[in-house]
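Because only heavy atoms are used, hydrogens play no part in the values below, and waters and symmetry mates are left out as well, while side chains stay in.
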Amino acid sequence: MKLIDCPGIGPRPIGECVYGGPMLKEPDPAVATDAEWAGYVFPGSVVASGQPEWWFHRPSGTWFVAERDTTRDAILTTYLYRPGSREDEGGGDD
């Protein structure tokens with residue numbers, strides 16, 4: 001059984017979690033073009049390694065970030081999102 005380390009709860013079966021998509025920096029609503037919004041809402045590229053992604057643990061109602069090596073489908077680390085921290089910069093899709 002594949003486990004994911006849910007922050008604050010510990011290792012849980014990955015079936016309890018839902019993938020929420022890559023973590024991307026939201027465009028500035030005041031100046032963003034339609035193409036920038038489309039790229040944010042419908043991301044097409046995947047970072048080969050260490051991509052930060054949104055995940056949701058259904059039983060606890062907890063959203064968290066998991067950095068996943070997409071070439072091996074391996075979770076590298078998980079953490080709770082904190083606005084203003086390094087992960088607030090979003091994924092590698094700038």
Side-chain angles (χ1 to χ4, degrees):
M1 172 186 309
K2 189 170 187 176
L3 300 176
I4 189 166
D5 190 16
C6 184
I9 298 170
R12 304 301 307 157
I14 201 162
E16 292 182 4
C17 299
V18 177
Y19 172 73
M23 186 177 182
L24 304 173
K25 186 173 182 178
E26 183 176 332
D28 181 350
V31 296
T33 65
D34 288 344
E36 289 171 323
W37 277 111
Y40 175 73
V41 175
F42 305 105
S45 62
V46 173
V47 178
S49 182
Q51 173 172 292
E53 302 171 332
W54 288 109
W55 283 79
F56 180 69
H57 182 247
R58 290 180 295 195
S60 69
T62 303
W63 279 99
F64 62 96
V65 178
E67 289 188 20
R68 186 171 62 93
D69 181 340
T70 58
T71 59
R72 296 181 298 127
D73 189 25
I75 304 291
L76 304 173
T77 187
T78 60
Y79 47 87
L80 294 175
Y81 173 75
R82 294 179 318 273
S85 61
R86 71 168 180 82
E87 61 268 10
D88 195 29
E89 296 301 313
D93 199 51
D94 289 334

- Report the distance from atom CD of E53 to atom CD of E67, rounding to the nearest 0.5 Å. 9.5 Å
- What is the distance from atom NZ of K2 to atom CD1 of I14, rounded to the nearest 0.5 Å? 5.0 Å
- Message: I'd like to know whether Y81 forms a side-chain contact (heavy atoms from CB on, under 4.5 Å) with W54, so could you lay out the CA-CA distance, the side-chain angles of the two residues, the decisive distance to 0.1 Å, and finally the verdict.
- Response: CA-CA 9 Å; Y81 173 75; W54 288 109; 3.6 Å; yes
- Task: Under the side-chain contact (heavy atoms from CB on, under 4.5 Å) rule, what do L76 and R68 come out as? Steps first, then yes or no, please.
- Result: CA-CA 5 Å; L76 304 173; R68 186 171 62 93; over 6 Å; no
- Message: If the condition is salt bridge (Lys or Arg N to Asp or Glu O under 4.0 Å), which residues does R58 pass it with, not counting sequence neighbours?
- Response: none
- Please list, chain by chain and in numerical order, all residues satisfying salt bridge (Lys or Arg N to Asp or Glu O under 4.0 Å) with D28, sequence neighbours excluded. none
Do you know which two heavy atoms are closest between [X] and [Y], and how far apart they sit?
X	Y	value
D5	P11	OD1-N, 3.5 Å
P29	W37	CA-CZ2, 3.9 Å
F64	C17	CZ-SG, 4.3 Å
E36	T33	OE1-N, 2.8 Å
G20	W63	CA-CZ3, 4.1 Å

- Is there a chain of hydrophobic side chains (I, L, V, M, F, W, Y, each step under 4.5 Å between heavy atoms) that links F56 to L3? no
- E16 (side chain) donor-acceptor with P13 (main chain) under 3.5 angstrom: no
- Go through the steps for W55 and I4 under the test side-chain contact (heavy atoms from CB on, under 4.5 Å), then give the verdict. CA-CA 10 Å; W55 283 79; I4 189 166; 4.1 Å; yes
- Query: Mind checking what makes side-chain contact (heavy atoms from CB on, under 4.5 Å) contact with I9, not counting sequence neighbours?
  - Reply: C6, R12, H57, S60, T62
